[in-house]
Amino acid sequence: MISEQVETDARLLWDYHQMGHTLRPCSVAIGLGSHDLGVADTAVDLYKRGLVPLLLFTGATSPTSKARMPRGEAVHYRERALDLDVPSSAVLVEPNARNTGENIRFSRQVLEAAHVEVSSVLLVSKPYEERRAYATACRLWPGVEFVSASTPMTFEEYVESIQDVRLVIDMLVGALQRLLIYPGQGFMISQTVPSDVLNAYERLCREGFTSRLIVSESPTP
């Protein structure tokens, strides 16, 4: 069980992490790999709505996805898209990225090698990774317009899907820490964090929601 204050603070972080962008047609949708097949489902939905002519899935494996996606996140995402009747000609795969920065850099390389002209990208991620993905992409791929997207769901719905409220809050806290420290390391653009969100983050840290915080000297974006 968590306290009412913790739940309120977690919801503040959840809302902040989502960009609230209006979806529009783009050159390509890039689905960022994770343990969550909902990213692939959302990318497919965007394709079927005619918002993009092409999907690119990016990601190797991680400790949280290895058991569920042994062939790699991007490969499993592609298989999901094909199962949902997306033609293979409309799906590219980048199977090597192991962090958000590599997701962006390697995806750019794949698209350039395929001679795909990119002026705009629908960037599809988990709901709490929207802002982190956006900030990273803007830093690493200047000149391209990014529109953030994720599976529409509330904080409560996401907790229900994960079945571990403490883990979800830990992830929200970890994602916010990266938004605070990565711009100074050149990994992301800087974004304003409202004082109420920052105060909520600090309270959650004091409450012990710290398992996803960076403590090493060599972080990865």
Between [X] and [Y], is there a donor-acceptor pair closer than 3.5 Å when you use the side chain of the first and the backbone of the second?
X: Q191; Y: L179; value: no
X: R139; Y: G186; value: yes
X: T210; Y: L213; value: no
X: T151; Y: G38; value: yes
X: R98; Y: T61; value: yes
X: Y128; Y: L176; value: no

Can you tell me which residue pairs pass the side chain to side chain donor-acceptor pair (under 3.5 Å) test with a partner in residues 12-25, sequence neighbours excluded?
R24-E145

Would [X] and [Y] show up in the same hydrophobic cluster when neighbours are defined by side-chain heavy atoms closer than 4.5 Å?
X: V86; Y: V75; answer: no
X: L54; Y: V93; answer: no
X: F209; Y: Y158; answer: yes
X: M171; Y: L12; answer: no

Which heavy atom of [X] sits nearest a heavy atom of [Y], and at what distance?
X: A29; Y: V124; result: CB-CG2, 4.4 Å
X: C26; Y: V147; result: SG-CG2, 4.0 Å
X: Y201; Y: L180; result: CE2-CD1, 3.7 Å
X: I104; Y: A137; result: CD1-CB, 3.8 Å
X: S88; Y: R78; result: CB-NH2, 3.5 Å
X: V173; Y: C205; result: CG1-SG, 3.8 Å

State, yes or no, whether a side-chain contact exists between [X] and [Y] at a heavy-atom distance under 4.5 Å.
X: V52; Y: V28; value: no
X: K48; Y: L84; value: yes
X: L111; Y: I30; value: yes
X: Y134; Y: I189; value: yes
X: E102; Y: N96; value: no
X: E112; Y: R108; value: yes

Salt-bridge contact D9-R203 (side-chain N to carboxylate O under 4.0 Å):
yes

Answer yes or no: is there an ion pair linking R49 with D45, defined by an N-O contact shorter than 4.0 Å?
yes

Looking at [atom1] of [X] and [atom2] of [Y], how far apart are the two atoms once the value is rounded to the nearest 0.5 Å?
X: E94; Y: R105; atom1: CD; atom2: CZ; result: 10.5 Å
X: M188; Y: R131; atom1: CE; atom2: CZ; result: 11.0 Å
X: F106; Y: L56; atom1: CZ; atom2: CG; result: 12.5 Å
X: L32; Y: F57; atom1: CG; atom2: CZ; result: 10.5 Å
X: S211; Y: L167; atom1: OG; atom2: CG; result: 6.5 Å
X: K126; Y: I162; atom1: NZ; atom2: CD1; result: 9.0 Å

For side chain to side chain contact (heavy atoms under 4.5 Å, CB included), just list the numbers for E156 and E160, CA-CA rounded to whole Å, side-chain angles, deciding distance to a tenth of an Å, and then say yes or no.
CA-CA 6 Å; E156 291 80 9; E160 179 66 24; over 6 Å; no

CA sep, side-chain torsions, deciding dist, call: H76, R80, side chain to side chain contact (heavy atoms under 4.5 Å, CB included):
CA-CA 6 Å; H76 281 267; R80 178 73 162 187; over 6 Å; no

In this structure, are over 12 heavy atoms from other groups packed under 6.0 Å from E117 atom CD?
no

Do S150 and E130 have a side chain donor and acceptor closer than 3.5 Å?
yes

Can you tell which of D170, I2, L13 makes a side chain to side chain contact (heavy atoms under 4.5 Å, CB included) with L204?
L13

Step-by-step side chain to side chain contact (heavy atoms under 4.5 Å, CB included) determination, E79 to R71
CA-CA 10 Å; E79 292 171 351; R71 294 183 298 284; 2.7 Å; yes

Working for side chain to side chain contact (heavy atoms under 4.5 Å, CB included), residues L172 and F155
CA-CA 10 Å; L172 295 174; F155 169 71; 3.9 Å; yes

